[in-house]
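The next block holds one structure in the form of C-alpha cells; read it before the comments.
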Protein chains: 2
Amino acid sequence: MERIKRLLDLMDEKAFSAYLLTSSENLYYFTGFKGEGMAVIMADGSVKLYTLPLYYESAVLYTIQGIDVIKTKTQDMFKEELMDELGKLVGDIGFDYMDAETFWKMTSKLRFLHLTPSSDLVWKLRSIKDEKELESIAKAAAICDVGMEVASDIISPGVTEHDIKVELTEELLRCGADRVAFDIIVASGTKSSLPHGGLGNRQLQDGDVVVIDLGASVNEYSADVTRTFFVGDKVQEKIEKVYKVVEEAKNLAEEHMMAWVSASSVDRVARQLIETNGLIEYFVHSLGHGIGLSVHEPPRMSPNSKDLLAENMVVTCEPGVYIPKQFGVRLEDTLLIKKDGVVRLSKAPFYPYIP
Amino acid sequence: MERIKRLLDLMDEKAFSAYLLTSSENLYYFTGFKGEGMAVIMADGSVKLYTLPLYYESAVLYTIQGIDVIKTKTQDMFKEELMDELGKLVGDIGFDYMDAETFWKMTSKLRFLHLTPSSDLVWKLRSIKDEKELESIAKAAAICDVGMEVASDIISPGVTEHDIKVELTEELLRCGADRVAFDIIVASGTKSSLPHGGLGNRQLQDGDVVVIDLGASVNEYSADVTRTFFVGDKVQEKIEKVYKVVEEAKNLAEEHMMAWVSASSVDRVARQLIETNGLIEYFVHSLGHGIGLSVHEPPRMSPNSKDLLAENMVVTCEPGVYIPKQFGVRLEDTLLIKKDGVVRLSKAPFYPYIP
C-alpha cells in the first residue's frame, strides 16, 4: 500500500475526494492486478477494485492486501455500481485516463462532482523507479544488448528484414524477456529514412543502411535500444558524416543529463548540434522519453517539455536524422538518471560496419 | 476513396458536418497511412490528414490519392491548426475515439459545435470484410493452425510455459505472420483456470491441462485460436467432462451462426448448454468477438449485445469453463459468417491428449 499512500498525499494536495485508476498499467502499479477494471481510491484511504468476472479470479490472486475486490456482472453494471459509489461523494474526483464517451456519460450522471483529468499525479510517482523496477529494466536492457549482438551477426546481403525480425524476436524471448516490448523495427535501404520503417519486407543489399529498434520486457518493465548498421565495407561519405553527427549529438546530450536538469534543455543540446551541421530539418522527433511499465511515458525530452529530470528516472536518448528517400540514422540507449550524470543501462557497442 | 465515400453516406444520415478519425487502425483503414494523426473528413468530401513530422514522410508515401497530408509542428500545433479548420463549421461533428482530456479541451474551444462520439459509423463498415481482408485473415488463421500443430508436438512434462511461448512465437513469424497478434497465452495446471493465464512461468507436469491462445497478423489482419491440451494419457474424468461440454457448446453455437441472427442469441445457445450441465458460473466471459484490424472488435457476442451477424463478418467463437484453483478449458476458432452458416477459417484439430 506504500504506493497508494503516496498517491493519497498527492490527492490531498489537490483536495480530491477520490481518484479513479483505469489504465491497466496503473492498476498493476498500484494494486498488483493485471487486467481490465477500475480502482477507486477514496480520500479516507479505502480502495475498491471493480472488475469483470473474466478477471475476478486473477484479481483475487494478485491484488495486494487491503484492497476490496468487487466482481461486476458486465461492463455496464460495472459503471453503474461505480456510479452509486461515486454518487455519495462531493467535490473533485481525479482520474488517470478515460475515453470521451465514458467521460461524457459520467459527467452527465454525477452532477455534483467535478471529474478532473489528472494523470500527472500518477506520473509523479511512476517516473521515479525503485530498486526492483530498476533491476527489471537493467535485465531488459542487457537482453536488448544480446539482441544487437545477434543483429550484427546476421545482417548481410540477401537476408530479409522479416528474417532479421524473426531471429531477434526469438533471441530476446530466449534470453528471458517475457515479451518483446513492441514489434521490432528493421528498416533497410531507403526505408531507413522512415523512423518506423514503413510497410513491406525488403531484402538487404550491399551498401544498405539498416536501422534496428528493439525492446525487451522483463517483469512488465521495458528497455528500448536502437542501432544503425551499414551493409558492406564501403560506406558512402554522406552516410558516415550523418552517423557521426547523430553519435556526437547523443553523446553530448547524455553528458548534459542529470537530476534537476530540464528535459527540454537536453533536447536543445542535441538539436543545436544537429542544426550546426545543417541537418536540423531531418531530426523529425523528440530526443527521448521515459520508459518503464510503458514504453513511452513521462518525462518527455522534447523542445516543449515542462519536465525536469530527477534521480532514478529511466529515459531513452535517441537522436535521429532521416533524409527522405535516401537513408536514416538513429542511435538509442536506455539510461538511468543519477544525481550528477547518467548510467547507460544498455551497453551494446555501436557496430557500424557489417562486412 | 471507396471506403471514405461510404463513410460520407453514413455521415449524411446523421447530418454530421465533419467526422474525425483518430485511431491508428481507422486511419489505416480509410487512408492507408499507419501512424499517429487525425483525419478530418468534411461533409463536402474533402479529407485532410494532420500528422507530426515523425510520420510525415510515411504519410506522404502511403496515404491514398485525394487526401491532403498536412505536417504539423508538434502535438499542440496539430490540435490548434485543427481547431482553426473546425472553427469554420457549424452543427455536429462525429468522431471515433478521443481521450477525455482532449474532448474536454476541444468542446470548450468549439462552442458552436457539438462533438459526438460515434465509432458505430466506422464499425458498420469495418465489421464487413472485403475479399482482400478475408484473404489476409484466412492466411493468419492457417498460420495459427501450424502453431497449434507445433504446440501439440512440444507440450510434454518438464517444458516450461515460456519455452512453449518462445517456440510458438517463432513458428508464427517463420510461417509469415508479420507479428503475433497478442502476447501468446500458455496457461498450465491450476493457472489454466485464469482465462489469461496469470503471472509467472511454470513447468508442465503429467496430468496438466494446458490452454494455449495464440494469434497471428498478416497485412495487419489477425486471426485468433485457442486449444486446450492434456499432458499425459490419464485425464481426470472431471476435466474430460468439462472439455466435452465446452466442445459441444462451441459446436452448437457455430451451428446457429449465420447472417441476420442476433449475436446475443448465439451467445445464449452456448450459455444455455453450459448451464444445463451445471457449469454456468464458470463461464466468465462472452462467447466471442469480431476480429480484423483489431483483435477485439464488433460484433460482440455477449448476452447484452445489440449486434446482428451479417455476411462477411469474421468472428471468434470461444466458450470456456474455468473452475477456480483447479483447471480451465477454452476452445476458440476464427469464423467467417455466410448467408446460411459459418466457414471455419482456423482448422486446427482438437488435440486433447499429449502422451
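In what follows, chains carry the letters A, B, and so on, assigned in the order in which the sequence lines appear, proteins first and then strands, with residues in each chain numbered from 1. FYI, side chains are in, hydrogens and waters are out, and symmetry mates aren't considered; it's all heavy atoms of this structure.
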Within residues 180-195 of chain A, contacts to chain B at heavy-atom distances under 4.5 Å involve A/D183, A/L194, A/P195
Residues of residues 92-100 of chain A with a heavy atom under 4.5 Å from any heavy atom of chain B, in residue-number order, are A/F95, A/M98, A/D99, A/A100
Looking only at heavy atoms and a cut-off of under 4.5 Å, which of B/K71, B/H196, B/H285 has the most pairs with chain A?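 Most heavy-atom pairs under 4.5 Å with chain A: B/H196.
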Specify which of B/D178, B/L199, B/L115, B/N219 makes the most heavy-atom pairs with chain A at under 4.5 Å. B/L199
Atom pair [atom1]/[atom2] of [X] and [Y] - distance to nearest 0.5 Å:
X      : Y      : atom1 : atom2 : answer
B/H162 : A/L173 : NE2   : CG    : 5.5 Å
A/L172 : B/T169 : CG    : OG1   : 11.0 Å
B/T107 : A/F103 : OG1   : CZ    : 8.5 Å

Set out, in order, the CA-CA distance, both residues' side-chain angles and the distance that settles salt bridge (Lys or Arg N to Asp or Glu O under 4.0 Å) for A/E57 and B/K325, then state yes or no. CA-CA 9 Å; A/E57 287 303 316; B/K325 293 174 191 162; 5.8 Å; no
Tell me, for A/S58 versus chain B, whether the close heavy atoms (under 4.5 Å) come from the side chain, the backbone, both or neither.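 Contact with chain B involves both backbone and side-chain atoms of A/S58.
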Considering only heavy atoms, which portion of A/Y322 lies under 4.5 Å from any heavy atom of chain B: side chain, backbone, both, or neither?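 Neither part; nothing is under 4.5 Å.
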Less than 4.5 Å apart, any side-chain heavy atom of A/E170 and any of B/E167?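 No, too far: nothing below the 4.5 Å cut-off.
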Within 6.0 Å of NZ in A/K165, more than 12 heavy atoms from elsewhere: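 Check passes, neighbour count above 12.
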Measure B/L61 against the heavy atoms of chain A and call it side chain, backbone, both or neither at under 4.5 Å.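 Just the side chain, heavy atoms under 4.5 Å.
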Portion of B/Y56 that has a non-hydrogen atom of chain A nearer than 4.5 angstrom: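 Neither; nothing under 4.5 Å.
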Please give me the minimum heavy-atom distance between A/G198 and B/Y62, naming the atom from each residue. CA-OH, 3.4 Å
